[in-house]
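Worksheet: one structure, shown below.
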Amino acid sequence: MIVNENVKKFVDESAALCKPRNIVWITGEEEQLEGLRRDALATGELIKLNEELLPGCYLHRSAVNDVARVEDRTFICCKNKDDAGPINNWMDPKEAYEKVGAIFDGSMKGRTMYVIPYSMGAVGSKFSKIGIEITDSIYVVVSMNIMTRIGNKVLEALGNSNDFVRGLHSKADLDADKRYILHFPEDNTIWSVNSGYGGNVLLGKKCFALRIASYLGKNEGWMAEHMLILGVQNPKGEIKYVAAAFPSACGKTNLAMLIPPELYRKKGYKVWCVGDDIAWIRVGEDGRLWAINPENGFFGVAPGTNMKSNPNALLSTKKNSIFTNVVHNLDNNTVWWEGMDKNPPENALDWKGNRWTAACGEKGAHPNSRFTAPAVNCPCISSEFEAPDGVPLSAIIFGGRRAKTAPLVYEARDWNSGVFVGSIMASETTAAATGAVGVVRRDPMAMRPFVGYNMADYFAHWIEMGGKIAKKPKIFNVNWFRTDDNGNFIWPGFGDNLRVLKWILDRCEDKVSAKETPIGYVPNAEDIDIEGLDGVTVDTVKELLTVDPANWKEEVKGIEEFYSQFGDRLPAELREKLNDLKARLN
Ligand code: GTP
Ligand code: SPV
Ligand code: MN
């Protein structure tokens, strides 16, 4: 195999800095991976689970201080601070290389350095992009093997090109005070140190496929978004695709693998999963938007995943998967988490590896415990999953966790109004990142933690893209999380969300009318099908669809405050849409 000189130089420089004992190039061959898994079993980094019940599956525990993305330690390192914008943490690239270079210096002493060539998107597709991740973690190697396409075939596709993202990761000492997740968009480079948690160390995912890719997309005229992609097949056999952006732990994996309510299944409805977290979107030659999922697996939230809420996700984890920070059931050497079933194991260890029973009152699995499962395992994986050009989008959906303000669903008046709707998204924070949970914060397009440049410029990019799409998808906003006065979710959610998807697709085909409100079009309550739903009446739907002007006037204040930090860089179109909204509310 001829080794690309650029890759070789990157590996040599990284080795000179990190000073590993030896270097192993990951070929992608099963024999090599199996050897690494065996090495990880010997050190306890991986625990082999029951081969009959969970063939090829492993349990992993991350350090107790290292269980989620660390947004306060994540930086965009570009020359000009304004180019990172007011939402991102910024560090001067030179300072960052020096400061964090000192932490990498000798960080792999006595360890093996693994070189992982990987492709985001099907190998060789013209929409795919290549990365090289250097790491001292076997967990990272075996997880990247699930989440991306890795090995020699990727180096072959790269040829002699210098067009690859350089990713350097070291667990170092897992010291939380020296943990840094750095992005150098101008150098196509990612540095991650002192963490072993997925979102911080599987560099193909958030670091590359969103932060670096969003910057590339801005410059090259495409979009990298925190979106699931799914296809809804109707009884005639036609499939329409939608992409949906919800913040972390707000329901993307669940929606992406939705199982229609029985009534709909009988009629012939089916949902196909193309992706559950990230979409790379381009304008096709036919003037429509086309989306690919650059990933090859799912890094999904474990708690709450069960045979009722998301059977397709659970079934995806039944072989060749890795579970991180869940309960270890010692009776049958399997795993468990809160919300899997009503039978917590008696003889078990919690996510920290301590003796645990449900009776102790503490959660056994970490709220951000996760499974890493190959996409091919998913019973509803789309036939278009590997399609090099992806799938055409009929609709784009935004959504978040809002106890009140946002109705179950509404439609934006046009593309720019849709960009406005995305830009004003807010959601209650979750355990997917460290910090307080349940606090409402602005999370535009679910990209707050993931835009690799100035968010005002990101909004401008959305508006500019609108001008290039001859056949624009309609844009909607959904909220599955509206609560009653007792704090209970009003909408049943999960599979029943198909009822809302159906309204959305009917709108895209002009099959159903809607009611104008200050924020956009909402359904007539009778048009949300509630047949077969227990305890949901037309009045419930009416309640879910109300747009309370008083709430929205408060909301406008929050939007103004949020927008104010962008100054003149905020696109005038959005300022205009905000003024429109204010006028309509009065
Ligand atoms: P990331 O992987 O962090 O990006 O998360 P995600 O957006 O894929 O979220 P996921 O589908 O894993 O759901 C997170 C949590 O939301 C789980 O606890 C689900 O049970 C819950 N959830 C998902 N869909 C619904 C819904 O329709 N209604 C309600 N009430 N909860 C939901
Ligand atoms: C998210 O937090 O949005 C995730 C998990 O999908 S992580 O890979 O940690 O970012
Ligand atoms: Mn995510």
Side-chain angles (χ1 to χ4, degrees), residues 62 66-71 74 140 143-144 147 181 192 195-211 225-230 244-259 273 275-279 293 295 297-306 308-310 312-314 316 324-325 337-340 365-373 397-403 408-409 427-435 437 443 446-450 478-483 487-501 544:
S62 69
D66 189 26
V67 293
R69 283 182 294 101
V70 281
E71 293 180 5
T74 299
V140 168
S143 299
M144 286 293 282
M147 296 305 296
I181 319 297
S192 164
S195 174
Y197 167 73
N200 299 329
V201 302
L202 306 179
L203 300 186
K205 196 173 179 61
K206 295 310 183 6
C207 300
F208 178 170
L210 288 181
R211 298 196 190 95
E225 300 296 333
H226 193 196
M227 290 180 178
L228 68 93
I229 310 164
L230 65 78
F246 308 154
S248 302
C250 289
K252 287 183 300 303
T253 302
N254 276 271
L255 190 68
M257 300 178 191
L258 177 155
I259 293 194
C273 172
D276 81 324
D277 199 50
I278 296 174
N293 167 15
E295 300 192 280
F298 311 117
F299 185 57
V301 178
T305 305
N306 60 52
K308 198 159 163 271
S309 66
N310 195 348
N312 285 323
L314 198 62
S316 302
T324 302
N325 294 339
W337 48 75
E338 278 71 22
M340 177 191 268
H366 188 275
N368 192 40
S369 55
R370 299 232 167 205
F371 55 78
T372 312
I397 305 173
F398 296 120
R401 285 179 189 261
R402 292 309 297 271
L408 179 63
V409 57
S427 191
E428 294 160 23
T429 51
T430 65
T434 54
V437 167
D443 190 349
M447 284 288 280
R448 182 189 181 107
F450 307 121
V478 299
N479 178 23
W480 316 139
F481 298 93
R482 210 143 152 166
T483 54
N488 299 313
F489 296 124
I490 305 172
W491 178 248
F494 300 99
D496 289 311
N497 292 333
L498 182 66
R499 299 166 188 271
V500 176
L501 289 181
L544 284 164

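Counting starts at 1 for both ligands and their atoms, in listed order. These values consider heavy atoms only, across backbone and side chains, with no hydrogens, waters or symmetry-generated copies. The residues of the chain are indexed from 1 along the displayed sequence.
Aromatic ring orientation, F299 versus Y197: tilted (interplanar angle from 30° to 60°).
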Verdict with reasoning, R402 to W480, per side chain to side chain contact (heavy atoms under 4.5 Å, CB included): CA-CA 8 Å; R402 292 309 297 271; W480 316 139; over 6 Å; no
Using the rule given for side chain to side chain contact (heavy atoms under 4.5 Å, CB included), can you reason through N368 versus V67, listing the C-alpha separation, both sets of side-chain angles and the distance that settles it, and then say yes or no? CA-CA 7 Å; N368 192 40; V67 293; 5.7 Å; no
Taking it one step at a time, do V140 and S143 satisfy side chain to side chain contact (heavy atoms under 4.5 Å, CB included)? CA-CA 5 Å; V140 168; S143 299; 5.8 Å; no
Could you walk me through whether L408 and V500 pass side chain to side chain contact (heavy atoms under 4.5 Å, CB included), step by step? CA-CA 8 Å; L408 179 63; V500 176; 3.8 Å; yes
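Near A432, meaning under 4.0 Å from one of its heavy atoms, ligand 2 places the atoms 2 (O). Interface atoms of ligand 2 facing G199, defined by a heavy-atom separation under 4.0 Å, are 7 (S), 8 (O), 9 (O), 10 (O). Each of the following atoms of ligand 1 lies closer than 4.0 Å to a heavy atom of H226: 4 (O). Set against the non-hydrogen atoms of S248, the atoms of ligand 2 under 4.0 Å away are 1 (C), 2 (O), 3 (O). Residue D277 approaches ligand 2 through these ligand atoms, each under 4.0 Å from one of its heavy atoms: 6 (O). Ligand 2 places these atoms under 4.0 Å from at least one heavy atom of H226: 3 (O).
Salt-bridge annotation for E295 and K205: present, with a side-chain N of the basic residue lying under 4.0 Å from a carboxylate O of the acidic one.
Residues S369 and N325 bring no donor and acceptor atom of their side chains to less than 3.5 Å of each other. For the residue pair N200 / S192, no side-chain donor-acceptor distance below 3.5 Å is found, with atom types taken as modelled. A donor-acceptor pair shorter than 3.5 Å cannot be found between the side chains of T74 and R211. In summary, the side chains of N497 and R499 do not present any donor paired with an acceptor at a separation below 3.5 Å, with no hydrogens or angles considered.
Counting heavy atoms closer than 4.0 Å to ligand 1, residue P247 contributes backbone atoms (N, CA, C, O) but none from C-beta onward. Counting heavy atoms closer than 4.0 Å to ligand 1, residue N497 contributes side-chain atoms (C-beta onward) but none from N, CA, C or O. Both the backbone and the side chain of S248 come within 4.0 Å of ligand 1, judged by heavy-atom distances. At a heavy-atom cutoff of 4.0 Å, ligand 1 is contacted by no atom of R482, backbone or side chain. Of the heavy atoms in F489, only side-chain atoms (C-beta onward) come closer than 4.0 Å to ligand 1. Residue contacts with ligand 1, taken as heavy atom pairs separated by less than 4.0 Å, involve R401 solely via side-chain atoms from C-beta onward. Within the 4.0 Å heavy-atom criterion, the part of F481 lying near ligand 1 is the side chain and not the backbone. At a heavy-atom distance under 4.0 Å, no atom of T305 approaches ligand 1.
Among protein heavy atoms, the minimum distance from atom 18 (O) of ligand 1 is reached at P303 O, 3.8 Å. In terms of protein heavy-atom proximity, atom 32 (C) of ligand 1 is closest to F494 CZ, 3.3 Å. For atom 19 (C) of ligand 1, the closest non-hydrogen atom of the protein is N254 ND2, 3.8 Å. Closest to atom 2 (O) of ligand 1 among all protein heavy atoms lies R370 NH1, 2.7 Å. Protein heavy atom in closest approach to atom 6 (P) of ligand 1: K252 N, 3.3 Å. In terms of protein heavy-atom proximity, atom 9 (O) of ligand 2 is closest to Y197 OH, 2.8 Å.
In this structure, W337 contributes its side chain and V301 its backbone to no donor-acceptor pair below 3.5 Å.
A cation-pi contact links R401 to F481, judged by a cut-off of 6.0 Å to the six-membered ring centre and 45° from its axis.
Any N or O atom pair closer than 3.5 Å counts here, and G251 shares at least one such pair with ligand 1. For ligand 1, the polar-atom distance check against D276 finds no nitrogen or oxygen pair separated by under 3.5 Å.
In summary, the aromatic rings of F298 and F371 are positioned with their centroids too far apart to meet the 6.0 Å limit.
Residue K206 holds the heavy atom nearest to atom 1 (C) of ligand 2 of all those in K205, E295, K206, K252. Closest to atom 5 (O) of ligand 1 by heavy atom, among G339, G400, A249, is A249.
For the pair OD1 of D277 and NZ of K206, the angle at the Mn ion (ligand 3) is about 110°; rounding is to 10 degrees.
Remark: distances from the non-hydrogen atoms of G300 to ligand 1 are all 4.0 Å or more.
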